[in-house]
Each structure stands twice: as structure tokens, then as C-alpha cells.
Amino acid sequence: MKETQQKHIILIETDNASAWQCKCCNEIQIQFKNTLMTFEWLSMIRFLKKLNEAPHAEKFYVIELCNLRDIPSIQTDVFSSGICLSNAEMKEFLFVLHTACERIDLDLIFRNTLHNN
């Protein structure tokens with residue numbers, strides 16, 4: 001039987017979400033329900049800060065993920081995208097993101113290369 005090498009490090013898996021990190025490029029991929037996002041480490045930290053500052057109401061959080069209107073070099077019919085989460089979904093989403101960050105931090109501590117964030 002041929003051994004297959006895993007290309008990703010699984011950081012967390014729940015019923016609705018998962019987070020993993022690519023071994024070759026260190027990109028972090030977050031899947032939450034039917035949404036998939038890919039980050040570099042510092043981008044993920046900035047995204048978490050944006051989530052903490054996100055406006056919210058009793059029922060929903062609205063988070064703009066990207067705005068491509070001012071970038072003419074990107075050819076897409078989508079000008080911007082975002083997600084709308086209930087309070088419970090936001091709690092779960094933040095749990096997944098924070099747990100992924102904690103596991104990456106722990107790995108960096110063990111490798112003695114903790115990033116100053």
C-alpha cells in the first residue's frame with residue numbers, strides 16, 4: 001500500500017466548520033458552512049480585528065469580505081462580497097478562527113518562531 005502524504009495541517013474541525021494550513025505555503029484556509037476563505041497569517045489577524053469591530057444588530061452581523069471596485073486589474077463580475085451571520089453563527093465562527101490562531105501560535109512557539117502580533 002502506497003503511503004500518501006498529507007498536504008495540510010488540520011487546525012480544527014467542527015460540524016459546520018474547519019480550518020487547515022497548507023504545509024508548502026502556510027496559507028490558512030477557513031471553511032464555515034458554505035463559505036471558504038484563504039488567508040496569510042497576518043491577513044487572518046487583521047480579519048479577526050475587523051470582526052471584533054464589525055457592526056451588529058440583534059439578529060445579524062454583516063461583514064464585507066472584499067471590495068474589488070477600485071482594483072481595475074482584477075477582472076471579475078463580482079464587485080464585493082460578504083457574509084451575513086446570526087449571533088450564534090458569529091460565536092461559532094469566532095471560536096473556529098480563534099482556535100485556529102491558537103494552534104498556529106502553539107506551533108510557532110514550539111518552533112521558536114512566534115510572530116509578534
Side-chain angles (χ1 to χ4, degrees):
M1 181 185 249
K2 190 176 181 180
E3 187 177 320
T4 59
Q5 188 175 16
Q6 191 177 19
K7 295 180 182 173
H8 292 90
I9 299 166
I10 298 170
L11 302 169
I12 182 172
E13 284 186 306
T14 67
D15 289 341
N16 293 317
S18 61
W20 59 96
Q21 186 175 28
C22 180
K23 285 184 179 180
C24 66
C25 66
N26 288 327
E27 283 185 345
I28 302 154
Q29 298 172 353
I30 306 291
Q31 171 268 320
F32 183 74
K33 296 191 175 189
N34 63 350
T35 303
L36 178 64
M37 295 166 262
T38 302
F39 300 98
E40 291 179 342
W41 175 241
L42 290 177
S43 298
M44 186 167 162
I45 298 301
R46 282 193 300 269
F47 182 70
L48 275 168
K49 287 179 183 178
K50 187 176 182 177
L51 284 179
N52 290 332
E53 298 167 358
H56 64 277
E58 263 183 54
K59 291 188 177 184
F60 297 102
Y61 286 78
V62 178
I63 305 149
E64 184 178 29
L65 296 178
C66 66
N67 185 340
L68 303 174
R69 290 181 187 98
D70 299 327
I71 308 173
S73 61
I74 297 177
Q75 299 299 316
T76 179
D77 290 334
V78 177
F79 287 121
S80 65
S81 68
I83 56 176
C84 187
L85 303 171
S86 68
N87 288 321
E89 289 171 325
M90 178 60 103
K91 237 181 184 176
E92 183 181 3
F93 187 53
L94 285 171
F95 170 77
V96 169
L97 290 172
H98 283 285
T99 302
C101 283
E102 289 169 358
R103 294 202 174 147
I104 292 169
D105 278 346
L106 188 60
D107 182 56
L108 292 172
I109 288 169
F110 282 126
R111 288 190 285 143
N112 206 15
T113 57
L114 184 60
H115 199 283
N116 212 5
N117 55 28

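Atom CZ of R103 and atom CG of L106 lie 9.0 Å apart (nearest 0.5 Å). We find the NZ-CD1 distance between K23 and I9 to be 5.5 Å, quoted to the nearest 0.5 Å. N16 contributes atom CG, which lies 8.0 Å from atom CD of Q31 (distance to the nearest 0.5 angstrom). Here I104 contributes atom CD1 and M44 contributes atom CE; the two are 5.5 Å apart, rounded to the nearest 0.5 Å. In this structure, CZ in F32 is found 7.5 Å from OG1 in T14, a value given to the nearest 0.5 Å. For the atom pair CG (D107) and CG (N26), the distance works out to 8.5 Å, reported to the nearest 0.5 Å.
With respect to F47, the side chain to side chain contact (heavy atoms under 4.5 Å, CB included) criterion is satisfied by exactly one of I28, I30, L97: L97.
Using cut-offs of 30° and 60° on the angle between ring planes, the pair W20 and H8 is perpendicular.
Hydrophobic clustering of Ile, Leu, Val, Met, Phe, Trp and Tyr side chains at less than 4.5 Å, counting indirect connections, keeps V96 apart from L36.
The two residues C101 and W41 make their nearest non-hydrogen contact at O-CH2, 3.8 Å.
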